[in-house]
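Worksheet: the structure to be examined is printed underneath.
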Amino acid sequence: MNSAPLSGLYAPSLSLLTDLYQVTMAYGYWRQGMQDREAVFHLYFRRPPFAGGYAVGAGLAYVVDFLQNLQFSEDDLHYLGSLKSAKGGVMFPPEFLTYLRELKFTCDVDAIAEGTVVFANEPLIRVQGPLLQAQLVETALLTLVNFQTLIATKASRIREAAGSDTVLEFGLRRAQGPDGGLSASRAAYLGGVDATSNVLAGQRFGIPVKGTHAHSWVMAFEQEQEAFAAYAQAFPDDSVFLVDTYDTLEGVRHAITVARELRANGHELSGIRLDSGDLAYLSREARALLNEAGFENVRIVASNDLEENLITSLKQQGAKIDTWGIGTQLVTAYDQPALGGVYKMAALRKPDDSGWDFTIKLSEQLAKTSIPGILQVRRYESDKGQPRADMLYNVAEPLPEQLTIVDPLDATRRRPVRPDATYRELLEPVFRRGQLVQQLPSLEESRARAHREVLSLDPSIRRFLNPHTYPVGLEETLNTFRTNLILEKRPQRPA
Ligand SMILES: Nc1ncnc2c1ncn2[C@@H]1O[C@H](COP(=O)(O)OP(=O)(O)OP(=O)(O)O)[C@@H](O)[C@H]1O
Ligand SMILES: O=P(O)(O)OC[C@H]1O[C@H](OP(=O)(O)OP(=O)(O)O)[C@H](O)[C@@H]1O
Ligand SMILES: O=C(O)c1cccnc1
Ligand SMILES: [Mg+2]
């Protein structure tokens, strides 16, 4: 069910899901005879979203699906052949289109499993292979990983606020278009919600589907109580009544009347839903009315522009809400509409094949200067499996005996690594020479991983307000190499 998540949503081939400049560069490399120069790229973000302390990686299943099906169809080639240059000639000559027709994806791909907790500057995906191919996939990989990582992270924050309460995702109507909705439902489930109202996401991904009813249901009947009774007739064991169409507490009384009728017939009302007004006050009042009437097990669902901070506040106010329905703010990633993931070249084989040139993109800000090398992420953990620090290192160079993790923004901040420290390597082989070499985990497994990993983080890193920064550094020799490379590339202007 997790396989081929993209099929049917778009054109039969997604190979043109890219920016034009990837194709123009591909043509340029091909003309220069550089298409097969081996290159290494890393996909990473520079800051966790929502001013938070971490992100939950997501989207890899889509990436695998995309790469496995990367092949230009005749329609794709026809379209590329129809593009014109400024003077009216073809942009891409037929010989290049023939090359694209035969192009097969042959790169190695290493990636961090979906559901893993990730931090700034860590490669979530490493692509190594022919320059033309490794470059060509940039845009698709970014669009697939950036959005789902953003939504999975938002969902994990909502889960954090909700604790063990049930969380339902109601976002499809407010999502950024059909795939915005579908991939948000997937990522939200991965990040920790319990179910979705999105039926297509249920069918495609096996996510449990759940829901209540709309105000229009109540408006379609003469009286609210009649509406509840009619719904109960259709779903005697699965009814959640929306009680706020006219007057919330009056609505609760009508729900109780119908709940009594259900009970008399051997059924139990599942819940009521509050969708407006003061949710703390109304949920307490509703709980009291339900309990007084002997309906302690009827759940109280709340919805209405909720997000993690409101949930936290409502809990502090003593709200009696046990199920949270979250739509708009979850699937639109309020209030950070995009994750700023980037894809940067970090190594290129020397033209004479005598070794690697490690490449760097400079920036005025050190934080934006890229990290050269063929990187692996090593996560050091306590005996109890709590992450302590992550170290990025270059697998193409030997590691020194004594490892030291250096903060790339401040080389005086360093952590020597104990020789017996336990760790895991986060990037795992996914493709070798274009062939999938890993059985991808199911969505359920990735969701369980996300849950486990987020809980293993220290609460200081999970908190919403000014979270503690988790230490991610460079292995000392890599940091020194990078510093020297910056000095070498940056013009030294006399004062
Ligand atoms: N006790 C509370 N503390 C803080 N925020 C609350 C509380 N109760 C509800 N809210 C939030 O305040 C906002 C109120 O929304 P709004 O001003 O649109 O009123 P409303 O109750 O939705 O009215 P209506 O839907 O009838 O127009 C919502 O985001 C809701 O989740
Ligand atoms: O508030 P969200 O987190 O997006 O949750 C989904 C919302 O969608 C539904 O109504 P809709 O917003 O369509 O209409 P309403 O606001 O008038 O209830 C539902 O009643 C929620 O209010
Ligand atoms: O089932 C629900 O209650 C629901 C579904 C979508 C949006 N709002 C609410
Ligand atoms: Mg609304």
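Here the structure is a predicted model, which means the values were calculated and not measured. Values reported hereafter were calculated over all heavy atoms of this structure, with side chains retained and with hydrogens, waters and symmetry mates removed. Every number for a ligand or one of its atoms is a count from 1 in the order of the listing.
Annotation: ligand 1 has protein neighbours S276, G277, D278, L279, A280, N304, D305, L306, L310, L314, Q317, each with a heavy atom less than 4.0 angstrom from the ligand.
In terms of N/O distances under 3.5 Å, ligand 3 is not approached by S197. Not one N or O of S303 is nearer than 3.5 Å to an N or O of ligand 2, by distance alone. Residue-to-ligand polar distances keep G325 apart from ligand 2: every N/O pair is separated by 3.5 Å or more.
Contact annotation: Q329 has no heavy atom less than 4.0 Å from any atom of ligand 2. Proximity of E307 to ligand 2 is not established, as no heavy-atom distance is less than 4.0 Å.
Using a 3.5 Å distance cut-off with no hydrogens or angles, the side chains of E226 and Y231 do not pair a donor with an acceptor.
Electrostatic pairing of D165 and R159 does not count as a salt bridge here, judged by no charged N lying under 4.0 Å from a carboxylate O. Ion pairing between a basic and an acidic side chain is recognised when a charged N comes within 4.0 Å of a carboxylate O; E138 and K344 show no such pairing. Ionic pairing of E268 and R263 is present here: one or more N-O contacts between side-chain nitrogen and carboxylate oxygen are shorter than 4.0 angstrom. No salt bridge links D458 with R388; every basic N to acidic carboxylate O contact stays at or beyond 4.0 Å.
Protein heavy atom at the shortest distance from atom 15 (P) of ligand 2 is D275 OD2, 4.0 Å.
Atom 17 (O) of ligand 2 is not flagged as protein-proximal [any protein heavy atom, distance under 4.0 Å].
Heavy atoms of H215 found under 4.0 angstrom from ligand 2 belong exclusively to the side chain. Counting heavy atoms closer than 4.0 Å to ligand 2, residue R273 contributes side-chain atoms (C-beta onward) but none from N, CA, C or O. At a heavy-atom distance under 4.0 Å, no atom of L242 approaches ligand 2.
Short contacts between ligand 2 and N304, defined as distances under 4.0 Å to a heavy atom of the residue, involve ligand atoms 1 (O). Less than 4.0 angstrom separates some heavy atom of T328 from each of these atoms of ligand 2: 2 (P), 3 (O), 4 (O).
Listed for the R462 side chain is a donor-acceptor partner under 3.5 Å among the backbone atoms of L457.
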